[in-house]
K.L.:
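Dumping the structure here so I can ask a few things about it.
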Amino acid sequence: MNIILLGPPGAGKGTQARRLVEERNLAQLSTGDMLRAARTSGTELGKMVAGVMDRGELVTDEIVIGLIREQLTNDDGANGYIFDGFPRTLAQADALGNLLAELGEKLDRVILMEVDDEALVARITARSTCANCGEVYNDQTKPIPSDGVCSNCGEKAEFTRRADDNEESLKTRLLAYYKQTSPLVGYYYAKGDLSTVDGLQSMDDVAASIKVALP
Ligand code: AMP
């Protein structure tokens with residue numbers, strides 16, 4: 001099964017993708033995580049995209065399509081993939097459709113996670129992540145454990161904030177979402193692939209709504 005999680009930054013795509021990995025044995029493909037990993041390991045690609053990412057703009061279609069192509073063609077995909085943060089433009093959506101067709105695969109569902117803009121800003125400026133396992137924390141709703149031990153991986157970990165999780169970058173990221181990514185809502189609706197879930201519900205309720213929407 002191949003699923004896209006679509007929605008603005010802070011909608012909870014990463015969190016729900018991680019749950020689906022565990023529950024359905026799917027592989028998570030997050031272009032944001034791949035690009036951050038390239039930056040951490042100091043590759044040429046990482047250096048090239050650093051400024052663009054920190055400003056909250058989109059990196060080129062060519063780069064992200066290349067990353068996804070590499071993953072899909074080098075990996076047997078187990079039970080399928082969850083695309084998290086990809087595609088973000090119509091060109092990327094077309095490329096993904098072509099890639100899946102080349103591999104004899106298809107897209108099973110696109111889940112749109114709807115969250116209003118004010119809630120996004122509040123969520124993103126309060127979030128931090130376990131550097132060890134990627135578990136997401138929130139200053140208000142899920143604070144970092146006082147003993148510094150991650151509730152997910154059980155390790156004494158560092159909890160980091162993303163460089164682009166600040167109000168300035170967030171404005172640019174939201175604009176990029178509305179200008180470049182939101183046309184995908186109509187695109188997948190017209191193809192009959194879209195299901196919408198209320199991303200403002202609790203994490204468990206969002207997961208339950210996604211479950212209902214999946215084939
Ligand atoms: P994310 O973790 O999905 O919020 O992505 C973080 C940043 O990586 C974005 O703000 C973009 O700069 C870049 N990025 C991630 N995925 C894509 C994509 N599919 N297309 C273009 N840029 C991307």
Side-chain angles (χ1 to χ4, degrees), residues 2-18 20-21 27-41 43-72 81-100 107 110-115 117 119-131 133-138 160-185 187-188 199:
N2 296 305
I3 309 164
I4 294 174
L5 294 183
L6 184 63
K13 302 185 293 294
T15 303
Q16 294 299 330
R18 289 156 53 80
L20 287 166
V21 167
Q28 177 186 7
L29 291 185
S30 157
T31 39
D33 285 350
M34 291 176 208
L35 293 167
R36 276 185 290 278
R39 291 182 65 173
T40 308
S41 51
T43 62
E44 281 309 308
L45 172 69
K47 287 179 199 152
M48 201 159 75
V49 297
V52 174
M53 288 178 76
D54 286 346
R55 285 194 298 278
E57 296 163 6
L58 294 190
V59 309
T60 64
D61 288 336
E62 201 187 348
I63 289 177
V64 287
I65 292 167
L67 289 172
I68 290 289
R69 172 180 284 278
E70 203 176 300
Q71 292 288 326
L72 291 185
Y81 296 98
I82 308 159
F83 297 94
D84 157 16
F86 180 92
R88 262 172 155 100
T89 64
L90 289 168
Q92 292 176 24
D94 279 337
L96 177 61
N98 293 338
L99 258 171
L100 289 173
L107 194 58
V110 178
I111 307 285
L112 171 64
M113 300 179 64
E114 277 191 328
V115 178
D117 295 335
L120 294 176
V121 177
R123 274 190 188 181
I124 283 200
T125 49
R127 88 173 158 185
S128 48
T129 306
C130 168
C133 73
E135 183 74 357
V136 179
Y137 290 84
N138 177 290
T160 54
R161 289 195 192 264
R162 280 173 46 170
D164 58 349
D165 274 353
N166 61 72
E167 278 196 51
E168 202 46 45
S169 303
L170 181 56
K171 267 190 221 157
T172 313
R173 285 157 70 197
L174 268 180
L175 267 177
Y177 178 76
Y178 286 114
K179 282 168 76 172
Q180 293 164 277
T181 308
S182 65
L184 298 186
V185 174
Y187 175 96
Y188 286 120

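This chain uses plain numbering: 1 for the first residue, then up along the sequence. First listed ligand is number 1; within each ligand, the first listed atom is number 1.
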K.L.:
With a 4.0 Å heavy-atom cut-off (strictly under), which part of Lys13 contacts ligand 1: side chain, backbone, both or neither?
P.N.:
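Looking at Lys13 and ligand 1, no heavy atom falls under 4.0 Å.
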K.L.:
Which bit of Val64 gets closer than 4.0 Å to ligand 1, counting heavy atoms only: side chain, backbone, both or neither?
P.N.:
side chain
K.L.:
Would Asp84 count as being in polar contact with ligand 1, using the rule that some N or O on each side must be under 3.5 angstrom apart?
P.N.:
no
K.L.:
Taking Thr181 for its side chain and Thr89 for its backbone only, find out whether a donor-acceptor pair lies under 3.5 Å.
P.N.:
no
K.L.:
Mark up the atoms of ligand 1 that fall under 4.0 Å of a heavy atom belonging to Thr31, in ascending order.
P.N.:
15 (C), 16 (N), 17 (C), 18 (C), 19 (N)
K.L.:
Would you indicate whether the side-chain heavy atoms of Arg123 and Val115 approach each other to under 4.5 Å?
P.N.:
yes
K.L.:
Do we see a donor-acceptor contact under 3.5 Å between the side chains of Tyr178 and Asp117?
P.N.:
yes
K.L.:
Run down the list Glu57, Met34, Arg88 and name the one with the heavy atom closest to atom 23 (C) of ligand 1.
P.N.:
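When every heavy atom of Glu57, Met34, Arg88 is considered, Arg88 comes closest to atom 23 (C) of ligand 1.
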K.L.:
Could you say whether the N/O atoms of Leu58 and ligand 1 ever approach to under 3.5 Å?
P.N.:
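Checking ligand 1 against Leu58, no N or O pair falls under 3.5 Å apart.
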K.L.:
Are any of the N/O atoms in Phe86 less than 3.5 Å from those in ligand 1?
P.N.:
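N/O-N/O distance below 3.5 Å does not exist for this pair.
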K.L.:
Judged by non-hydrogen atoms, does Arg36 sit under 4.0 Å from ligand 1?
P.N.:
yes
K.L.:
When only distance counts, is Asp33 in polar contact with ligand 1, meaning an N/O pair under 3.5 Å?
P.N.:
no
K.L.:
Is there a donor-acceptor contact under 3.5 Å from the side chain of Gln92 to the main chain of Arg88?
P.N.:
yes
